[in-house]
Amino acid sequence: MSQLRKETIECPHCHKEGEFDLWTSVNVDLDPELREKIFSDDLFLYHCPHCGEVTGIPAGTLYHDMEHKFMLFFEFFKPDGYDYMPMELPDTLGMDKNYTFRTVFDLQRFKEKIVILEHGLDDVAIEHQKYMISHIIMPEIAEKGYELFFAKQEEPDEEFPLGKIFFFYNDEEKQQTMEVRFAMDNYYEHKLACELDPRMTIKGCMCVDEEWLAKQLKEE
């Protein structure tokens, strides 16, 4: 079940106190409206009842999706010197072996991870594919410091028998969101490559992001 804690917040604008709903855990099967609040950012926004100003509250949460069998331990900021070691999970969780557990930092990456796992895709393969796109196929993405994100998957058609996969990045120079499209064949090639590469093995609850992938690729 979702867990809510009421917190007293002092508005940084008018300095008056108000109450904020701090969700320490979110079960989107039981409370589907909380998923929408994550994607609209509203779950992390304090609306001052006195002056009406809105303030972001960078509070992490535990995200649980029972239908798609995954749990995400989300925090806004990655600790300095983060070592990417697996996080130990308490035995009391009692989840079956088909569950996916991940640690996620950064709100945009949190939203992306939710969408990836809702689509039933392998997030390691997605990170592998994104890395190769932004560093090898379209190196200007990484060179300019942009980050590539998974967007969506489309059904098969005559041109793409296995479907299409889309990514996006924000081009700050052009001040617009750029879309990148590939055949799903490309995703399956990366998935196979990850299955054959022991460096891509996940143990327990880990953070799987671009920095983790770069770190793994450097290993012999």
Side-chain angles (χ1 to χ4, degrees), residues 1-7 20-46 56-78 82 84-130 149-156 162-168 184 187-188 190-191 194-195 200-210 212-213:
M1 60 181 293
S2 302
Q3 294 185 342
L4 169 66
R5 189 171 76 231
K6 299 287 186 178
E7 290 287 336
F20 174 67
D21 288 342
L22 179 65
W23 293 93
T24 56
S25 68
V26 170
N27 186 312
V28 294
D29 296 272
L30 302 178
D31 302 293
E33 72 279 2
L34 296 180
R35 181 193 182 279
E36 301 310 313
K37 286 190 174 184
I38 289 172
F39 279 83
S40 69
D41 297 343
D42 198 49
L43 197 80
F44 311 106
L45 297 176
Y46 169 66
I57 307 295
T61 192
L62 169 61
Y63 186 97
H64 188 187
D65 186 322
M66 295 189 296
E67 178 184 353
H68 299 99
K69 294 188 176 183
F70 67 87
M71 294 183 73
L72 305 177
F73 295 81
F74 166 65
E75 294 291 343
F76 270 80
F77 307 110
K78 185 184 296 181
Y82 185 67
Y84 283 91
M85 293 298 291
M87 182 177 78
E88 291 188 14
L89 297 173
D91 295 334
T92 52
L93 282 178
M95 303 300 176
D96 68 42
K97 62 181 181 179
N98 294 319
Y99 254 77
T100 296
F101 299 94
R102 294 288 186 269
T103 302
V104 187
F105 302 100
D106 181 80
L107 183 55
Q108 184 63 53
R109 289 182 175 185
F110 179 39
K111 296 176 183 179
E112 178 196 39
K113 190 71 71 173
I114 292 171
V115 176
I116 290 171
L117 297 177
E118 285 177 343
H119 277 72
L121 298 172
D122 185 321
D123 64 324
V124 177
I126 291 290
E127 289 297 335
H128 194 278
Q129 184 177 15
K130 291 195 306 175
F149 292 96
F150 170 78
K152 61 181 179 178
Q153 176 186 2
E154 288 191 354
E155 296 297 317
L162 296 180
K164 300 184 288 288
I165 188 168
F166 294 80
F167 302 90
F168 73 90
M184 279 299 292
Y187 160 77
Y188 290 117
H190 285 279
K191 188 172 186 295
C194 290
E195 291 171 354
M200 299 294 111
T201 301
I202 300 297
K203 298 177 181 178
C205 180
M206 297 182 65
C207 177
V208 177
D209 59 14
E210 182 180 4
W212 173 82
L213 192 86

Of all heavy-atom pairs between [X] and [Y], which one has the smallest distance, and what is that distance?
X: L30; Y: M1; answer: CD1-CA, 3.8 Å
X: T201; Y: W212; answer: O-CZ2, 4.4 Å
X: R102; Y: G204; answer: NH1-O, 4.4 Å
X: D29; Y: N27; answer: N-OD1, 3.0 Å
X: C194; Y: A125; answer: SG-CA, 3.9 Å
X: L162; Y: P156; answer: C-CG, 3.9 Å

Measure the spacing between [atom1] of [X] and [atom2] of [Y] and express it to the nearest 0.5 Å.
X: F73; Y: S25; atom1: CZ; atom2: OG; answer: 10.0 Å
X: K130; Y: E127; atom1: NZ; atom2: CD; answer: 3.5 Å
X: F76; Y: F110; atom1: CZ; atom2: CZ; answer: 9.0 Å
X: I116; Y: D122; atom1: CD1; atom2: CG; answer: 9.5 Å
X: K37; Y: F44; atom1: NZ; atom2: CZ; answer: 11.5 Å
X: L121; Y: I126; atom1: CG; atom2: CD1; answer: 5.0 Å

For atom [atom1] of [X], is the number of surrounding heavy atoms from other residues, nucleotides or ligands below 6.0 Å larger than 12?
X: Q108; atom1: CD; result: yes
X: E33; atom1: CD; result: yes
X: K164; atom1: NZ; result: yes

Mutual orientation of the aromatic rings belonging to Y82 and Y84 [parallel < 30°, tilted 30-60°, perpendicular > 60°]: perpendicular
Ring geometry between Y63 and F70 (parallel below 30°, tilted from 30 to 60°, perpendicular above 60°): parallel
CA sep, side-chain torsions, deciding dist, call: H64, Y99, side chain to side chain contact (heavy atoms under 4.5 Å, CB included): CA-CA 10 Å; H64 188 187; Y99 254 77; 2.8 Å; yes
Are [X] and [Y] packed together at the side-chain level, in the sense that at least one heavy-atom pair is separated by less than 4.5 angstrom?
X: D106; Y: K78; value: no
X: L107; Y: D41; value: yes
X: F39; Y: V115; value: yes
X: V104; Y: E112; value: no
X: L43; Y: V26; value: yes

Side chain to side chain contact (heavy atoms under 4.5 Å, CB included) between H68 and L117, worked out: CA-CA 7 Å; H68 299 99; L117 297 177; 5.7 Å; no
K113 side-chain N/O to D209 backbone N/O, donor-acceptor pair under 3.5 Å: no
Partners passing side-chain hydrogen bond (donor to acceptor under 3.5 Å, both in side chains) against Q153 (at least two apart in sequence or in another chain): none
side-chain hydrogen bond (donor to acceptor under 3.5 Å, both in side chains) against E7, all qualifying residues, sequence neighbours excluded: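 Scan of E7 (side-chain hydrogen bond (donor to acceptor under 3.5 Å, both in side chains), adjacent residues dropped) gives R5.
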Working for side chain to side chain contact (heavy atoms under 4.5 Å, CB included), residues M71 and L89: CA-CA 11 Å; M71 294 183 73; L89 297 173; over 6 Å; no
From CA spacing to verdict: side chain to side chain contact (heavy atoms under 4.5 Å, CB included), F150, H119: CA-CA 11 Å; F150 170 78; H119 277 72; 4.0 Å; yes
